[in-house]
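Here's the structure, in structure tokens; my notes come after.
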Number of protein chains: 2
Amino acid sequence: MAATPDKQARQRSLQCALGKPAIACEDCGLYHLCLQDAQGRMEGRRIRPPHLETLHAPRGDFLVTAGAPFRYVYAVRTGAMEICLPHEDGPVDVLGFAFPGERLGMEALGLGYYPYAIRALEHTILCAFDLRSLAQGRSGSRRLYAALLRLMSEDFQRLQSSYIALRGLQVMARLSTILLDFAGRIGKVKDTSSQLNLPMTRTELANFLGMAPETLCRALQQLENDRIIRVHGRRIRILDHRRLERLVPRQP
Amino acid sequence: MAATPDKQARQRSLQCALGKPAIACEDCGLYHLCLQDAQGRMEGRRIRPPHLETLHAPRGDFLVTAGAPFRYVYAVRTGAMEICLPHEDGPVDVLGFAFPGERLGMEALGLGYYPYAIRALEHTILCAFDLRSLAQGRSGSRRLYAALLRLMSEDFQRLQSSYIALRGLQVMARLSTILLDFAGRIGKVKDTSSQLNLPMTRTELANFLGMAPETLCRALQQLENDRIIRVHGRRIRILDHRRLERLVPRQP
DNA sequence: CGCCCCTTTGACGCCGTTCAAATCATGTGG
DNA sequence: CCACATGATTTGAACGGCGTCAAAGGGGCG
């Protein structure tokens with residue numbers, strides 16, 4: 001079952017104490033939204049908007065399920081989430097991943113429900129922004145709506161880009177693309193962008209990339225044989241950034 | 001070069017005269033937007049919102065180019081458009097198609113620019129809604145913004161669905177999916193949903209489906225050999241709707 | 001410490017791409 | 001109105017990438 005923000009909200013002050021280097025508010029996908037909501041309210045270096053709560057999602061937990069009514073938009077602070085679509089007969093489609101600083105659930109605002117499930121790949125701390133309450137209240141300003149439209153467009157663009165980047169490409173090109181993508185996304189927070197700690201299984205990553213797990217394995221190994229990366233289980237180090245980029249075809 | 005709405009706006013009354021059965025306003029993807037804008041203004045059975053213009057795009061014309069600054073959202077009235085991403089070295093990625101009643105360009109609102117090009121597959125009549133002007137003016141009401149968010153979410157959902165529907169599937173499954181998809185989308189306007197007049201070349205359709213044109217050809221022929229469809233060039237008739245559906249795997 | 005799941009490796013076969021060429025449609029100019 | 005040019009569509013043959021099945025190693029958590 002999903003952890004309810006209400007229950008977790010009490011632990012708010014607690015989480016601030018138990019460190020782990022979370023990302024800064026300025027690097028978060030909800031930053032502009034929080035600014036609108038907080039109107040300058042701060043606690044230390046962290047914004048404190050009235051509609052924001054903190055919550056923990058244990059590994060494997062579903063943050064939202066497909067079709068659930070919309071209320072919150074989320075942002076990952078520590079950990080990693082998986083966006084997926086479970087089918088009744090067992091298998092799932094992996095649609096994407098979210099790393100620290102990244103936003104989740106935005107497009108549910110207009111639909112009124114989440115069109116996918118969101119699952120924690122590891123123990124993950126998130127911000128939950130009660131957008132439904134905010135939008136229903138009087139506070140719905142033009143600035144707020146402009147911000148929402150912008151955020152949604154950005155997410156749209158992101159989905160379309162990954163759609164373009166992966167379709168019709170050879171296995172090795174897809175893998176290179178995603179490795180560089182991950183490195184860039186992690187690198188926004190930790191500068192050690194050549195060191196990746198994949199939070200997902202090979203099967204999940206392969207599913208996302210649209211290939212068999214075995215194929216992913218062999219592709220990884222080939223990259224290792226070519227001294228482009230080093231693989232230790234889910235720990236991957238990019239040795240030759242340049243040559244990895246050369247495996248990615250045509251960037252518009 | 002793209003036809004400018006300004007130039008074409010003069011022809012507005014003209015187009016009403018030169019029939020061709022265009023779709024009704026109620027079936028158009030911009031209906032709710034126009035309602036907001038028109039506030040009940042009508043001419044005959046057609047809504048007449050102040051921010052709406054009519055324009056013609058000759059076959060092959062680019063309605064917008066990738067990266068162009070945002071101003072209009074469009075809706076197809078007659079004809080068909082292709083959403084694509086041209087690359088500098090020649091080839092293009094076909095991202096989708098738009099048939100009568102369907103909306104175009106919505107996600108550019110938040111970005112400020114169009115993240116793709118839109119090209120006319122045949123001579124196409126469109127509505128162009130000057131959303132930038134409307135959003136900049138005082139008239140930006142809560143209702144309007146709510147409508148915009150909803151439209152954008154719907155487009156997001158549509159993209160995600162096609163993304164899911166096509167990735168990782170066998171050629172025959174992808175083809176069946178798209179044939180039924182086209183039939184459904186055309187069928188919303190013309191009830192003869194078993195008769196398709198494809199406005200795009202085999203190469204374009206194959207590109208969209210992520211396969212070689214030759215492969216598309218062979219798949220079409222196999223469907224014809226199995227008496228599931230009949231093919232006359234770009235004219236396709238669906239003979240056995242039931243068996244075609246059976247070729248499409250798992251719908252969530 | 002031991003179980004279970006994840007990961008890796010190998011062999012095989014098929015589906016789809018690629019290249020080449022023939023046929024068909026389309027529209028253009030004489 | 002016809003002949004021709006141009007590009008789209010179709011067909012054929014051959015190669016190869018990747019999915020599938022099966023089984024052997026890990027690595028983490030109770």
Side-chain angles (χ1 to χ4, degrees), chain A residues 58-61 80 82 90-94 119-123 166-179 196-226 229-236 247 249, chain B residues 58-60 80 82 90-94 119 121-123 166-178 196-226 229-236 247 249-250:
Chain A
R59 170 202 181 85
D61 214 26
E82 174 184 280
V92 303
D93 278 337
V94 179
R119 203 171 58 87
L121 290 168
E122 55 193 25
H123 185 100
L166 298 178
R167 55 174 230 148
L169 265 56
Q170 301 278 87
V171 159
M172 195 52 81
R174 268 181 282 176
L175 176 56
S176 313
T177 302
I178 212 61
L179 286 178
L196 295 177
N197 280 343
L198 300 183
M200 73 291 286
T201 68
R202 291 278 191 273
T203 304
E204 287 165 331
L205 182 56
N207 184 317
F208 173 68
L209 290 173
M211 61 182 74
E214 297 92 330
T215 305
L216 172 58
C217 240
R218 281 183 255 266
L220 280 171
Q221 185 175 344
Q222 190 183 325
L223 286 181
E224 188 166 33
N225 289 341
D226 294 349
I229 63 174
R230 274 197 62 187
V231 182
H232 282 310
R234 299 194 187 175
R235 216 175 307 276
I236 293 181
L247 295 174
Chain B
R59 169 202 184 87
E82 174 184 279
V92 302
D93 278 338
V94 179
R119 203 171 58 86
L121 290 168
E122 55 192 26
H123 185 99
L166 297 178
R167 58 174 227 146
L169 265 55
Q170 303 277 86
V171 159
M172 195 53 83
R174 267 181 281 175
L175 176 55
S176 312
T177 302
I178 212 62
L196 295 176
N197 280 342
L198 300 183
M200 73 289 287
T201 67
R202 292 278 190 273
T203 303
E204 287 166 331
L205 182 55
N207 184 318
F208 173 68
L209 291 172
M211 61 183 73
E214 296 92 331
T215 306
L216 172 59
C217 240
R218 280 183 256 266
L220 280 170
Q221 186 175 344
Q222 189 183 326
L223 285 181
E224 188 166 32
N225 289 340
D226 294 348
I229 63 174
R230 274 197 63 185
V231 182
H232 282 310
R234 299 195 186 175
R235 215 175 306 275
I236 294 182
L247 295 174
R250 67 202 165 126

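In what follows, chains carry the letters A, B, and so on, assigned in the order in which the sequence lines appear, proteins first and then strands, with residues in each chain numbered from 1.
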Min and max contacting nt of DNA chain D in 5' to 3' order, chain B heavy atoms within under 4.0 angstrom, are dA8(D) to dA13(D)
Pairs under 3.5 angstrom, nitrogen or oxygen only, protein versus nucleotides 5-8 of chain C, please.
from: dT7(C); atom 1: OP1; to: Arg202(A); atom 2: N; distance (Å): 3.4
from: dT7(C); atom 1: OP1; to: Arg234(A); atom 2: NE; distance (Å): 3.2
from: dT7(C); atom 1: OP2; to: Arg202(A); atom 2: N; distance (Å): 2.6
from: dT8(C); atom 1: OP1; to: Arg202(A); atom 2: NH2; distance (Å): 3.3
from: dT8(C); atom 1: OP2; to: Arg202(A); atom 2: NE; distance (Å): 2.7

Can you name the side-chain contact (heavy atoms from CB on, under 4.5 Å) partners of Ala219(A), sequence neighbours left out?
Val171(A), Met172(A), Leu175(A)
Leu216(B) and Ala206(B) have their tightest heavy-atom pair at CD2-N, 3.7 Å
Between CG of Asn207(B) and P of dG16(C) the distance, given in whole Å, is 17 Å
What is the distance, to the nearest angstrom, from the CD atom on Glu122(B) to the C1' atom on dT26(C)?
16 Å
Atom pair distance, as rounded to whole Å: CZ in Arg167(A) and P in dG16(C)
17 Å
Please report the interatomic distance CD1(Ile236(A)) to CD1(Ile229(A)), rounded to the nearest 0.5 Å.
5.0 Å
CE on Met211(A) to CG on Leu205(A), rounded to 0.5 Å
7.5 Å
Under the rule for side-chain contact (heavy atoms from CB on, under 4.5 Å), what residues qualify as partners of Arg235(A), not counting sequence neighbours?
Gln195(A), Asn197(A), His232(A)
Of all the heavy-atom pairs spanning Val231(B) and Glu224(B), show the shortest one and how long it is.
N-OE2, 3.0 Å
CD of Gln170(A) versus P of dT17(C): gap in Å, rounded?
10 Å
What is the distance, rounded to the nearest whole Å, between atom CZ of Arg235(B) and atom P of dA25(C)?
12 Å
Report the residues that fulfil side chain to side chain donor-acceptor pair (under 3.5 Å) with Thr203(A), sequence neighbours left out, ordered by chain and then residue number.
none
Which residues satisfy the side-chain contact (heavy atoms from CB on, under 4.5 Å) test with Gln221(A), sequence neighbours excluded?
Asn225(A)
Please identify each residue that fulfils salt bridge (Lys or Arg N to Asp or Glu O under 4.0 Å) with Arg174(B), with sequence neighbours left out.
none
Where do Val94(B) and Asn207(B) come nearest, in terms of heavy atoms and distance?
N-OD1, 3.1 Å
Write out all pairs satisfying salt bridge (charged side-chain N to carboxylate O under 4.0 Å, His left out) with one or both partners inside residues 204-215 of chain A, taking only residues at least two apart or from two chains.
Arg119(A)-Glu204(A)
Quick one: bend of the helix from dT7(C)-dA24(D) to dG30(C)-dC1(D) from 5 pairs per end, to 10°?
40°
